[in-house]
Novice: 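This is the structure I want to talk about, given as structure tokens.
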Amino acid sequence: MLKVLVPTLMLFPTIWLSSPKWLWPTATAQSLLIAFISLAWLKWASETGWSTSNMYLATDPLSTPLLVLTCWLLPLMILASQNHIYSEPVSRQRLYITHLTSLQTFLIMAFGATEVIMFYIMFEATLIPTLIIITRWGNQTERLNAGTYFLFYTLAGSLPLLVALLLLQQTTGTLSMLILQYSQPLTLDTWGHSIWWAGCLIAFLVKMPLYGVHLWLPKAHVEAPVAGSMVLAAVLLKLGGYGMMRMMIMLDPLSKELAYPFIILALWGILMTGSICLRQTDLKSLIAYSSVSHMGLVAGGILIQTPWGFTGAIILMIAHGLVSSALFCLANTAYERTHSRTMLLARGLQMVFPLTAVWWFTTNLANLALPPLPNLMGEIMIITTLFSWSPWTIALTGLGTLITAAYSLYLFLMTQRGPAPNHIKGLSPFHTREHLLMVLHLIPVILLVAKPELVWGWCH
Amino acid sequence: MASRLSRIWPVVSRVRWSSALGTRCVSQTPKSSAAGAAVVSDLQPVSPALQDSHGHTEVNPFETNPDFHGFHHHDSFVDEWNMRLAFFFGISVAIVIGGTFIHYLPDHGMRQWARREAERLIKQREAEGLPLMTENYYEPGKIILPSSGDE
């Protein structure tokens with residue numbers, strides 16, 4: 001754990017002490033090295049469930065894929081931001097990369113935490129750099145509203161979580177996940193216990209987001225600069241899923257009935273947000289709503305609490321993280337050229353940017369869950385486990401899959417196909433950097449086809 | 001840059017892009033002198049809407065540096081080395097060496113061992129005529145139940 005955390009902390013001196021010319025190359029190189037070192041976490045010693053480094057930080061097969069995803073994403077964020085930040089003064093460029101790195105640090109500590117309170121503190125701590133990135137570097141005036149929605153939705157959910165965790169500490173005497181996994185099942189029979197159950201989960205449901213409390217997400221994703229959108233879509237949403245999976249262990253007998261409305265809300269959300277995607281004119285907004293849709297499926301899989309549900313949720317979280325981040329990068333390339341997110345202004349791109357059309361095509365295929373990519377594997381597992389819970393869910397999830405395919409195809413056809421309008425023909429060519437960025441997103445997704453057991457979690 | 005963009009955006013969005021972007025402008029400020037040699041960039045005048053408050057227009061970086069990789073706009077040396085570092089650490093180190101490392105990791109979670117062990121045990125028990133698995137997980141004799149009469 002320290003062999004990744006210390007180099008990440010050492011990124012701060014690198015950022016602030018580099019000469020302005022070499023700031024971005026050194027930050028990129030160091031963060032890629034950190035990502036390379038983080039791959040060592042993927043070795044799972046199964047004699048113990050947790051590969052511990054000390055009493056407070058440990059990794060297990062649930063947190064490891066998310067940790068590797070977090071570490072992989074920082075260099076990608078740096079690559080993606082390099083173009084739109086270059087015209088700012090150097091100290092602001094350093095500050096921007098500092099925010100990204102501090103997000104990385106908090107996320108590593110959040111996913112590696114063994115004490116639930118440390119996870120909570122890191123969960124809250126990630127809000128601050130993200131809020132600053134959205135409100136300071138966002139491009140439209142709506143960014144202030146977006147930041148407010150983002151901050152207060154998450155805070156409103158997580159304050160009950162704090163109370164619930166303190167109550168749990170009082171009852172069981174510990175909040176260490178290492179110990180709680182072996183504790184006796186709690187007697188949870190009063191109304192107070194039901195409210196405690198809800199308090200434990202609502203923060204994560206807001207973060208995922210669940211359909212009814214998802215309004216912060218389209219705003220935050222759209223108004224954030226590209227690195228903010230990437231980290232939000234790829235990792236911060238997964239904090240919610242991860243938190244739910246950890247908390248579910250202790251909430252057991254109540255969840256059988258109490259999870260019911262949330263599962264239905266999640267499934268309905270897949271359909272609703274998928275349908276909204278088909279009506280979007282804003283490119284980033286479409287990708288944001290598609291994130292809500294996929295996360296609805298993940299939320300359903302986690303709330304079901306079966307081994308297949310958990311495994312499918314982890315697979316889908318990792319695959320969606322990479323693919324959604326890739327889509328935001330592609331949207332950003334269109335935005336940097338046309339200075340607009342309107343899909344009508346960035347159409348017919350295939351004629352002018354054929355290689356990029358390959359990336360658009362592959363990413364959209366991954367988004368609509370094409371086999372053998374892990375997106376499909378996760379979705380299939382969740383759909384199967386939902387079906388075995390109740391056969392009626394197949395209507396919702398099947399329709400959801402159909403709508404997902406429809407809006408992914410819509411996105412591809414709108415941006416790539418058709419005649420290229422005149423203003424597109426004058427756009428500047430794609431940079432090597434942008435192609436590298438897409439390749440670094442897509443290659444891990446494709447490689448996961450070869451060794452999916454890395455992301456199966458500890459249930460399977 | 002964001003504040004500049006937000007200030008000029010309402011004007012920019014109404015500009016006819018087809019005529020404005022037809023030019024590849026290299027110069028940062030528009031030439032105001034009509035006399036003298038006509039420069040390529042003067043053939044179609046840059047509309048004031050396309051300029052920001054400093055009079056700078058959007059510059060195509062491929063004009064000054066045809067090998068522009070997208071990393072550093074003004075220094076081609078840093079641009080090239082940034083590209084090399086990104087590709088080396090990203091592809092050669094992280095994906096190739098990292099991928100090889102992951103490929104040669106031992107049996108993840110002992111899943112393949114578990115399958116081999118199960119097949120071996122099945123073969124062994126079938127050969128000995130034993131049942132594949134005992135029906136009861138716990139020994140029934142050892143379970144002590146409270147008597148049904150009380151309470």
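Both backbone and side-chain heavy atoms feed into the values below; hydrogens, waters and symmetry mates do not. Just so it is clear: chains get the letters A, B, ... in the order the sequence lines come, proteins before strands, and each one is counted from 1. Because the structure is a prediction, the values reported are computed rather than measured.
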Novice: Which bit of A/Leu454 is near chain B, if near means a heavy-atom gap under 4.5 Å: side chain, backbone, both or neither?
Specialist: both

Novice: Applying side-chain contact (heavy atoms from CB on, under 4.5 Å) between A/Tyr335 and each of A/Val226, A/Asn139, A/Leu283, report the one that passes.
Specialist: A/Asn139

Novice: Chain B heavy atoms under 4.5 Å from A/Leu42: which part of the residue, side chain, backbone, both or neither?
Specialist: both

Novice: If the threshold is 4.0 Å, N to carboxylate O, is there a salt bridge linking B/Arg116 and B/Glu119?
Specialist: no

Novice: Looking at chain B, which one of A/Leu33, A/Thr28, A/Leu76 has the largest number of heavy-atom pairs inside 4.5 Å, strictly under?
Specialist: A/Leu33

Novice: For A/Ile15, is there any backbone N or O sitting under 3.5 Å from a side-chain donor or acceptor partner on A/Arg94?
Specialist: yes

Novice: Using non-hydrogen atoms only, which part of A/Lys451 is less than 4.5 Å away from chain B: side chain, backbone, both, or neither?
Specialist: side chain

Novice: Can you tell which part of A/Ile443 gets under 4.5 Å to a heavy atom of chain B, answering side chain, backbone, both or neither?
Specialist: side chain

Novice: Step through the shown structure and confirm whether more than 12 heavy atoms of other residues, nucleotides or ligands are within 6.0 Å of CZ on B/Arg84.
Specialist: yes

Novice: In terms of heavy-atom proximity below 4.5 Å to chain B, should A/Trp72 be classed as side chain, backbone, both, or neither?
Specialist: side chain

Novice: Could you verify whether a donor N or O on one side chain and an acceptor N or O on the other, from B/His73 and A/Asn83, lie under 3.5 Å apart?
Specialist: yes

Novice: Counting only heavy atoms closer than 4.5 Å, note whether B/Phe88 contacts chain A via side chain, backbone, both or neither.
Specialist: neither

Novice: Under a 4.0 Å N-O cut-off, is there an ion pair linking B/Arg125 with B/Glu128?
Specialist: no

Novice: Measure A/Ala35 against the heavy atoms of chain B and call it side chain, backbone, both or neither at under 4.5 Å.
Specialist: neither

Novice: Identify which part of B/Phe101 has an atom lying under 4.5 Å from any heavy atom of chain A, answering side chain, backbone, both or neither.
Specialist: side chain

Novice: Picking from B/Val78, B/Asp75, B/Leu85, which has the most non-hydrogen pairs under 4.5 angstrom with chain A?
Specialist: B/Val78

Novice: Could you tell me which of A/Phe430, A/Trp22, A/Trp24 has the largest number of non-hydrogen atom pairs under 4.5 Å with chain B?
Specialist: A/Trp22

Novice: Look at the aromatic rings of B/Phe62 and A/His431 and report parallel, tilted or perpendicular, splitting at 30° and 60°.
Specialist: tilted

Novice: Ring-plane angle category for B/His74 and B/His72, please: parallel below 30°, perpendicular beyond 60°, tilted otherwise.
Specialist: perpendicular

